[in-house]
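Read through the structure below, which is laid out as structure tokens, and then see the notes.
Scope of the values below: all heavy atoms of this structure, side chains included, with no hydrogens, waters or symmetry mates.
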Amino acid sequence: YMGKRPETLKDLLRPMQRILKRLLPSRHSAGFSVVYKKGEISNDLLLTLSMNHQRKEATSNAEMIDDLVGKYIIRSDAVKATISQLDRRLFLDHPKIYGNTPVSIGCGQNMTVPLMQAILLSEIDETLDNLQNSPSIRIADVGAGLGFLGFGVLSLLSHPKRTKLHPQGIHLYINDWFPELTARSRAIYDRLLNEGRLANDPRVKLHFVDGDFRPFLDQAVDWNLILCGMAIRNSSIITSKLNKKQSTAIFPLILDDGEQDLTKIDIFDGKETRKQLMRTVFAPEIDAEAAAVQKYFVDSNDDIQEETSDIRPEATSDASLPPSSDLRRQSELAATESALKEWQNSFKTQTGRRPTLSEMQNDAQSSQLLSKITRLKKKKGRF
């Protein structure tokens, strides 16, 4: 920093972004898998630059919250209480669940990292304050994964300062493309209710919906809050459904150069205001064959490493969102990767260790699965 202290988060991240752009000269709307040294985990999806300033990973919910409060990411008691109640381990049991590392939730999807969740909940908390005079509100969490943000909205609405608001009702829709994730989010909701972490609020009408989110968004054009977990190129897909008197949408907006802006749009009396919450950048898409194979090994003498991945469908303005062919490809890829993992587990059961690359290449079944993964990853689509 040339002796000058960075004054803002953007100042802090700018040098890292420049370095990444030099190291990663070609950028596409794609993530890529990096093979790390043994003992580390490779990650797909976005390189969220703001994650990199955290030197030590939290190992408990309390430690994670203290870190986020110390960095002034959590700025209100309501958000702090919500993150405390919605312990991430209740959503997914993973050794790095409290760290700012993407972890897989299945179906090729990742759980949003704690830093991003805290930023989003803080923005949602502010939005709910702005909506306090609305007799009823309509909220959608699309591309919701396991429903953390949607349940976060419920927790924020049950804060003492809001228990008497919206007497005419609160409609909340939690949606994901994958029925398996929607079913899991419903089960998590039941657990949160049973453990008293969420209130059984009589004002709330909760709807779980899987598949394309547009049919239920099209039911009305008066949504007060839309949270979109899928990166989109055309913001009008979301903003055209917002209440023109007062509403908010938060979503990742894909830019022409492959970067993304986590964008917040507020509408008040027909006037639209945009706010950039965070800038993120994609790593380049490396050779598909190398990526497909390297995902499962470090080198021929090392064990295979676990990896998280994210293949979230990219929303477009076309009739299908995403195209049905791409959705089928993603589903087939997820099934093939699952079959390969079963083969790995079977090998480990028989031998007491994980297979090496040469052993996978010499086995007819695993070799065929690797070839299929390579073919599927070469097809058009975002990874």
Side-chain angles (χ1 to χ4, degrees), residues 29 45-46 109 112 116-117 119-128 130-131 134 136-145 147-153 156 170-178 181-182 185 207-256 258-280 282 310 312-323 326-327 382:
S29 294
L45 183 65
L46 274 316
Q109 308 301 300
T112 304
M116 187 78 78
Q117 287 178 338
I119 290 172
L120 290 168
L121 287 172
S122 295
E123 295 296 331
I124 293 167
D125 188 43
E126 178 183 297
T127 295
L128 294 177
N130 295 335
L131 292 172
S134 301
S136 65
I137 55 174
R138 185 184 294 269
I139 302 167
D141 181 10
V142 300
F148 184 94
L149 284 182
F151 302 147
V153 171
L156 290 171
I170 300 165
H171 287 269
L172 172 61
Y173 289 77
I174 294 179
N175 157 267
D176 198 274
W177 278 99
F178 299 97
L181 295 183
T182 304
S185 66
H207 313 264
F208 290 92
V209 185
D210 54 57
D212 192 337
F213 65 79
R214 289 179 303 173
F216 72 79
L217 280 189
D218 288 342
Q219 294 175 12
V221 290
D222 62 346
W223 294 89
N224 300 103
L225 175 60
I226 299 178
L227 308 170
C228 185
M230 294 179 291
I232 61 176
R233 294 187 185 276
N234 182 4
S235 60
S236 65
I237 294 173
I238 302 297
T239 57
S240 62
K241 310 302 179 186
L242 290 172
N243 183 297
K244 298 303 182 285
K245 184 176 181 181
Q246 189 160 22
S247 56
T248 295
I250 303 176
F251 54 89
L253 182 65
I254 301 174
L255 307 179
D256 291 338
E259 295 182 355
Q260 290 185 8
D261 274 348
L262 181 59
T263 302
K264 180 182 181 182
I265 293 181
D266 291 306
I267 295 179
F268 183 74
D269 285 341
K271 183 179 180 181
E272 181 180 301
T273 304
R274 288 187 178 233
K275 177 182 178 182
Q276 178 187 314
L277 303 180
M278 183 180 291
R279 170 65 59 87
T280 53
F282 277 110
D310 193 312
R312 282 190 180 273
E314 176 184 311
T316 70
S317 57
D318 297 330
S320 56
L321 184 67
D326 192 47
L327 195 57
R382 183 169 72 84

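Checked against side-chain contact (heavy atoms from CB on, under 4.5 Å), T273 has no partners two or more places apart in sequence or in another chain. With sequence neighbours excluded, the residues forming a side-chain contact (heavy atoms from CB on, under 4.5 Å) with N224 are L131, I137, R138, N243, listed by chain and number. S235 is linked by a side-chain hydrogen bond (donor to acceptor under 3.5 Å, both in side chains) to R274, counting only residues two or more places apart in sequence or in another chain. Every salt bridge (charged side-chain N to carboxylate O under 4.0 Å, His left out) that D218 has, sequence neighbours left out, goes to K241. F251 pairs by the ring-ring contact (aromatic ring centres under 6.0 Å, His included) definition with nothing, not counting sequence neighbours. Every residue two or more places apart in sequence or in another chain was checked for a salt bridge (charged side-chain N to carboxylate O under 4.0 Å, His left out) with K245, and none qualifies. For Q246, there are no side-chain hydrogen bond (donor to acceptor under 3.5 Å, both in side chains) partners, not counting sequence neighbours. For D125, the side-chain contact (heavy atoms from CB on, under 4.5 Å) criterion is met by S76, A78, V79, L156, K161, R162, not counting sequence neighbours.
Nearest heavy atom pair, residue E272 against residue I265, reads CG-CG2, 3.4 Å. Between L172 and G150 the shortest heavy-atom distance is CD2-O, 3.5 Å. Pairing each heavy atom of A144 with each of I174, the nearest pair is CB-CG2, 3.8 Å. Scanning all heavy atoms of the two residues, the minimum distance from M230 to P252 falls at O-CD, 3.6 Å. The minimum heavy-atom distance linking G147 with S185 is given by the pair N-CB, 4.2 Å.
The distance from atom CG of L253 to atom CZ of R233, rounded to the nearest 0.5 Å, is 9.5 Å. A distance of 10.5 Å separates OG of S134 from CG of D222, quoted to the nearest 0.5 Å. Put simply, OG on S247 and CD1 on I226 are 7.5 Å apart, with the number rounded to the nearest 0.5 Å. Atom CG of D141 sits about 9.5 Å away from atom CD1 of I139, to the nearest 0.5 Å.
I232 is listed as a side-chain neighbour of I238, based on a closest heavy-atom distance under 4.5 Å. The side-chain heavy atoms of L149 and I250, taken from C-beta on, include no pair separated by under 4.5 Å. Looking at L217 and N175, their side chains never come closer than 4.5 Å, going by heavy atoms from C-beta outward.
When each of I124, L128, T127, L242 is paired with T248, the side chain to side chain contact (heavy atoms under 4.5 Å, CB included) condition holds for T127 and for no other. Among M278, E123, K275, the single residue meeting the side chain to side chain contact (heavy atoms under 4.5 Å, CB included) criterion with L262 is M278.
The aromatic rings of Y173 and W223 lie perpendicular to each other, with more than 60° between the two planes, well past the 30° mark.
Side-chain atoms of N234 and S236 form a donor-acceptor pair, as typed in the model, at a separation below 3.5 Å.
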